[in-house]
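By convention in this document, chain letters (A, B, ...) are assigned in the order of the sequence lines, proteins followed by strands, and residues within each chain are numbered from 1.
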Amino acid sequence: MSVLKLTVDGAPVEAAPGADGFGLFTTKTIVAQRVNGELRDLAHKIADGDVIEGVDISSPDGLNILRHSAAHVLAQAVQSINPEAKLGIGPPIKDGFYYDFDVENPFTPEDIKALEKAMERIIRSGQRFMRRVTNDGDARVELANEPYKLELIGLKGGDVGEGAAEVGAGELTIYDNVDPQSGDTVWRDLCRGPHLPNTRMIGNGFALTRLASAYWRGNENNKQLQRVYGTAWPSKDELRAHQERLEEAARRDHRRLGVDLDLFSFPEEIGSGLAVFHPKGGIMRRVMEDYSRKRHEESGYDFVYSPHISKSNLFEISGHLQTYADGMFPPIRMDEELDDEGNVKKVGQDYYLKPMNCPFHILIYRSQPRSYRDLPLRMFEFGTVYRNEKSGVLHGLTRVRGLTQDDAHLFVTQESMKQELTDVLKFVLDLLKDYGLNDFYLELSTKEDGNPKFVGSDEIWKTATETLEQVASDSGLELVPDPGGAAFYGPKISVQARDAIGRTWQMSTIQLDFNLPERFDLEYTTQDGTKQRPVMIHRALFGSVERFFGVLTEHYAGHFPPWLAPVQVVAVPIAEAFSEYLHDIVGELRKHGVRAQVDDSDDRMQKKIRNHTMAKVPFMLIAGENDQAAGAVSFRFRDGSQENGIPVAEAVARILKAIDDKVQV
RNA sequence: GCCGACCUGGCGCAAUUGGUAGCGCAUCGCACUUGUAAUGCGAGGGUUAGGGGUUCGAGUCCCCUGGUCGGCUCCA
């Protein structure tokens, strides 16, 4: 055969036998090729009839290749400094890469600088990544000093999990890093590839970002390896842009804004993961809750209340104690009496802080015989629950030990279940939009087959899952499957919201539950007098009020829309003489329930403007001689823009409308 | 829970090889009364997270406890 007939980027191309990607792609940013759907090095030899696409370094695949190659360079750098370091795995991840090492002493921040320097040298030396096919036996000899790699070889083709970048389902391959001057192999790693042709292509758009540790193969029972995280981009500018995105996220961090804006705190004296809301955060929270209550009331929910603790038996019936005892606070033992020897004279009773509200609502349902006429019965409660989260997972308001769920349980008939779910999903999305979130997708969490944690019959799971799936797809939103992510008692839809800088947060959950009604033996009387079991829907919009508060803080970067802002209007007089004039206007606003105040302090007006700008107050009203004479005020907004000479009545009306419409300003 | 780092007045930060706690903002007082992001002067405030140890001497070194941060694991 004298000519290879190929399809390259959709067009027919002819090439000489023995051709590879270097010959087909001359564009410098093409770093690999996709041959018949498989990612390959550019050095991969092409065969007749191949369908080939160039992989640009800026494409998702290209970025992964860049980052994975950077991980190899990192590992080489580590072993050049510490030859005793044993290699774990080093895959690409979102925005970067990591590599795990088993080292005697954990890395220090100083090591990062030294490693970056060593990486730069390797990158500049222009080593070639050369693919070499090997076999289990040879690889075991070659990698005899790399125990973790040996373990991966043993797993090849099986459950490699995170090791997928090292050993794939196909041939076992090693990548040699070859020095272009000497032709010597200076380093090598077990890897399925592909890689950049040359380390030089990593360029200067990389940085090592943090040190951490991680369990080998993600298992808590395994040894912890030291992990080095890095980020890598096709150019220095893109690296810089990425770093700026991180800085923007840091500026929005609700933990920082919570302190700066005096919204909430976590006093050490109370305990880890237990927040107090300060007056400013408190009023925001009240406004959030009030609006939620109003909407629930309009949508046919009944409001109920339940205590924070309960005897253990309740959670035994519900199954929580068997399944989630670790996540619950330990029991409070009541009424136990001991004799002088410490023997139990009178058996006590254990009480638990509630980790969930559902069993309480179920008891309300069960407090009287129910008829089909009572259904659907929708019970809502801002229910405060306590969960003994592991200390290491606590994070600001988004992961706490004491939280208030905007929890509701809907008791419905099988027949109305689907309609009810559809209505709930619409209600949830509408309400989230009112709080300023409007970019959503859905996740459907389903049962993992064979996992004993999931209770209930397969048939019940199937019905529940199918119903949810249908409701989700009817919504028209993007639906992402989450196999194995269901609660132990039923499948769920969760609403994921994208915030102002594109991060996604899991917000609301809607869970179907055929299980608890059975455990509590719930029933209702049907039209024909027979007993039927209702279906339960668990749902929360905010998830937890605390978490939602944190997410909104980050979404708005503390620039809350007027209806949520703790202080909505601050009036700043040019001079003391105009204070009274502004007090009249502020008095008018306050009469309408606006959170408005006059800044009468001794500060200069410039200082006042600075203070209230930093406090992110949505409306500043400024007045001096000119305004007073005209019966007007001047608006100043958070972005520094302003509008002068607005008649007082118009100014008041504008503020009231902005609050009422829940708009951002 | 695990690994690592960290904890200094309300907040943000200083304090040479261990030598006896400073600064800015904020707070309080006085003066100033000003047209769009910091007026001036003065004052008060810290047993350096808590406890123990080493030392002539500890914010600095060691141990324990609590808390925070970055990850891992987990998240009804």
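- Closest to the side chain of A/R610, out of B/G35, B/A38, B/A76, is B/A38.
- The shortest distance between the side-chain N/O atoms of A/R636 and the OP1/OP2 oxygens of B/A37 is below 4.0 Å.
- Checking B/U20 for Watson-Crick or G-U wobble geometry (two distances, each under 3.5 Å) identifies no partner in any strand.
- Side-chain contact check for A/R227 and A/Y229: at least one donor-acceptor pair (N or O, by modelled atom type) lies under 3.5 Å.
- Nucleotides B/U60 and B/U16 have their C1' atoms positioned 12 Å apart, rounded to a whole Å.
- A donor-acceptor contact under 3.5 angstrom links the side chains of A/S306 and A/K354, judged on distance only.
- In this model, the phosphate group of B/G71 is approached by a side-chain N or O of A/R210 to a distance below 4.0 Å at OP1 or OP2.
- Remark: the A/Q224 side chain and the B/C2 base include a donor-acceptor N/O pair separated by less than 3.5 Å.
- Of the N and O atoms on the side chains of A/Y489 and A/Q511, at least one donor lies less than 3.5 Å from an acceptor on the other residue.
- Using modelled atom types, one finds no donor on one side chain facing an acceptor on the other under 3.5 Å when comparing A/W216 with A/D100.
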Detail all sub-3.5 Å separations between protein N/O atoms and N/O atoms belonging to nucleotides 25-32 of chain B.
residue: B/A26; atom: OP1; partner: A/K607; partner atom: NZ; Å: 2.7
residue: B/C32; atom: O2; partner: A/R604; partner atom: NH1; Å: 2.8
residue: B/C32; atom: O2; partner: A/R604; partner atom: NH2; Å: 3.2

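- Side chains of A/T404 and A/T384: a donor on one and an acceptor on the other come within 3.5 Å.
- Going from atom CD1 of A/I112 over to atom P of B/A5 covers 13 Å, rounded to whole Å.
- Neither OP1 nor OP2 of B/U68 sits under 4.0 Å from any side-chain N or O of A/R256.
- The nucleotide whose nearest atom lies closest to any side-chain atom of A/R255 is, among B/A76, B/A37, B/G70, B/G70.
- The P atoms of B/G66 and B/U73 are separated by 24 Å, rounded to the nearest whole Å.
- For A/R387 and B/C75, a side-chain-to-base donor-acceptor distance below 3.5 Å is absent, hydrogens and geometry of angles not being considered.
- Nearest to the side-chain atoms of A/A212 among the listed nucleotides B/G70, B/G1, B/C72 stands B/G70.
- Inspection of the A/Q664 and A/R638 side chains reveals an N or O donor paired with an N or O acceptor under 3.5 Å.
- For A/D627 and B/G35, a side-chain-to-base donor-acceptor distance below 3.5 Å is present, hydrogens and geometry of angles not being considered.
- Contact annotation for A/Q226: backbone-only contact, meaning every heavy-atom pair under 4.0 Å involves sugar-phosphate atoms and none involves a base.
- The interatomic distance linking A/M614 (CE) with B/A38 (C1') rounds to 8 Å, in whole Å.
- Taking only distance into account, the side chain of A/Y215 never meets the base of B/G71 through a donor-acceptor pair shorter than 3.5 Å.
- Under 3.5 Å, the side chains of A/H538 and A/N357 contain no donor-acceptor pair of N or O atoms.
- Contact check, A/H395 against B/G70: a side-chain N or O comes under 4.0 Å of OP1 or OP2.
- A side-chain donor-acceptor contact under 3.5 Å links A/S634 and A/N644.
- Defined by atom type and a distance below 3.5 Å, a donor-acceptor pair is missing between the side-chain atoms of A/E316 and A/S318.
- Looking at heavy-atom distances under 4.0 Å, A/Q642 makes contact with a base.
- Look at A/S272 and you'll find a side-chain N or O under 4.0 angstrom from OP1 or OP2 of B/U68.
- For A/E220 against B/U73, no side-chain N or O and base N or O form a donor-acceptor pair under 3.5 Å.
- In this structure, A/Y489 reaches the sugar-phosphate backbone alone: every heavy-atom distance under 4.0 Å involves primed, P, OP1 or OP2 atoms, never a base.
- The side chain of A/P106 sits closest to B/G4 out of B/G35, B/C74, B/G4.
- Distances from the side chain of A/I622 to the nucleotides B/G1, B/U36, B/G70 place B/U36 closest.
- Using a 4.0 Å heavy-atom cutoff across all strands shown, A/Y229 reaches sugar-phosphate atoms only and no base atom.
- Look at the C1' atom in both B/G19 and B/A58: the space between them is 10 Å, to the nearest Å.
- The base of B/G71 is paired with the side chain of A/S213 by a donor and an acceptor separated by under 3.5 Å.
- Rounded to whole Å, atom C1' of B/C74 lies 10 Å from atom CG of A/D326.
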